[in-house]
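Written out below as structure tokens is the structure these notes cover.
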Amino acid sequence: PGHLPHELAKKEYKGTSPIYNLLPDILSMLSQDTSLSNAQFQSVMQQLLVHIKKDKHGDALVEKLCQRFSATEDVAQWRNIAFCISQLPMSDKGVKKLTDGHPAYKNALEDEETSQTMLSIVARVKKSATKQESKELAEDLENKMLTIIAEWKQINGQAEEANEEAADANADADADADAEAAGEEALDAESDGEDVDIDVENNDENVNGGKALAVPSLKSPTELPSEIEEEEDLIAAVKQLEVQNSSLA
């Protein structure tokens, strides 16, 4: 029920709300509930965290929640923790705890959503700061966060560049392998062609008793009898026959 957090907030014991005492366990329980959407999680936690009004409670929860960053590698839980911290009241002491506790959430700042949520905390503190000391504390925290974020971007950029170089090297190797295979196929095809020529030549020798066929030489046009010469020879032969017939007569 919606009034439950309000009723719990009223039941303070020695100035401490049950919500403050139960909050870390509630956070763990809700973060592990896979049936709960991100919007539902944030709605429930907002109803609880709004009742954390004292700076000393907010500061203590900041420290406890920072420690939870290093207890998990789950990105969803990093985001949930960062969201909860962003809903807490933030005193100068709380900012110092965030600054001192940055090694615990260094890995979490690799995630863009988590880093943006954490930077929004700094922006809120800077905007509401009325003392120069508070602004300087916020700027110191912001610089630490931005340095860590820049380091992650450099690491990820180098990893991405290395992956691209590896992919290019693999592509070049594949291209070389394809070219080599194509060259071998061409050599095989040329070798097969030579084998066919040899087989044809051997077949010709077998058909002709082991001897290659002699190709008759063609006479040149000057060696071929012309039509005139053939006609003259024919006339001469007819005349000769006429002479032979007349002598017989």
Is a side-chain donor or acceptor of [X] paired with a backbone partner of [Y] at a separation under 3.5 angstrom?
X: Trp78; Y: Thr72; value: yes
X: Ser43; Y: Ala39; value: no
X: Trp152; Y: Thr147; value: no
X: Asp140; Y: Glu136; value: no

- [ ] Give every residue pair that meets the side chain to side chain donor-acceptor pair (under 3.5 Å) criterion with at least one member in residues 61-71, sequence neighbours excluded.
- [x] Ser28-Arg68, Glu63-Lys97
Can you tell if the side chain of [X] reaches within under 4.5 Å of the side chain of [Y], non-hydrogen atoms only?
X: Val125; Y: Lys135; value: no
X: Tyr105; Y: Thr114; value: no
X: Leu119; Y: Leu146; value: yes
X: Ile26; Y: Ile19; value: no
X: Met145; Y: Leu141; value: yes
X: Gln77; Y: Phe69; value: no
X: Met90; Y: Ile85; value: yes
X: Met45; Y: Leu23; value: yes

Task: Hydrophobic cluster identity match, Ile81 and Leu22, side-chain contacts under 4.5 Å - done: yes
Open item on the list: According to a hydrophobic-cluster definition based on side-chain heavy atoms being under 4.5 Å apart (Ile, Leu, Val, Met, Phe, Trp, Tyr only), do Phe83 and Val50 belong together?
Closed with: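 No, because Phe83 and Val50 fall into different hydrophobic clusters, even though each may have its own neighbours under 4.5 Å.
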Heavy-atom pair with the smallest gap, counting every atom of [X] and [Y]:
X: Ser115; Y: Leu109; answer: CB-O, 3.6 Å
X: Gly94; Y: Val62; answer: O-CG1, 3.8 Å
X: Leu88; Y: Ile52; answer: CD2-CG2, 4.1 Å
X: Ala82; Y: Thr117; answer: O-CG2, 3.5 Å
X: Thr99; Y: His102; answer: O-ND1, 2.7 Å
X: Ser134; Y: Ala129; answer: CB-CB, 3.7 Å

Task: Gln40 and Ser37 side chains, donor-acceptor separation under 3.5 Å - done: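 Judged by distance alone, the side chains do pair up.
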Open item on the list: Would you say Ser35 and Asp33 are linked by a side-chain donor-acceptor pair, where the criterion is simply a distance under 3.5 Å?
Closed with: yes
- [ ] May I have the step-by-step check of side chain to side chain contact (heavy atoms under 4.5 Å, CB included) for Asp92 and Lys131, ending in yes or no?
- [x] CA-CA 10 Å; Asp92 288 352; Lys131 298 184 296 183; 3.8 Å; yes
Straight-line distance of [X] [atom1] to [Y] [atom2], nearest 0.5 Å:
X: Gln46; Y: Ser86; atom1: CD; atom2: OG; value: 8.0 Å
X: Ser31; Y: Asn80; atom1: OG; atom2: CG; value: 4.0 Å
X: Leu65; Y: Cys84; atom1: CG; atom2: SG; value: 6.0 Å
X: Met118; Y: Ile148; atom1: CE; atom2: CD1; value: 9.5 Å
X: Asp100; Y: Lys93; atom1: CG; atom2: NZ; value: 11.5 Å
X: Gln42; Y: Leu30; atom1: CD; atom2: CG; value: 12.0 Å

Task: Option among Leu61, Leu49, Leu48 that satisfies the side chain to side chain contact (heavy atoms under 4.5 Å, CB included) test with Tyr20 - done: Leu61
TODO: State whether the number of non-hydrogen atoms from other residues, nucleotides or ligands found under 6.0 Å of Glu112 atom CD is greater than 12.
DONE: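 For Glu112, atom CD is not crowded (no more than 12 foreign heavy atoms under 6.0 Å).
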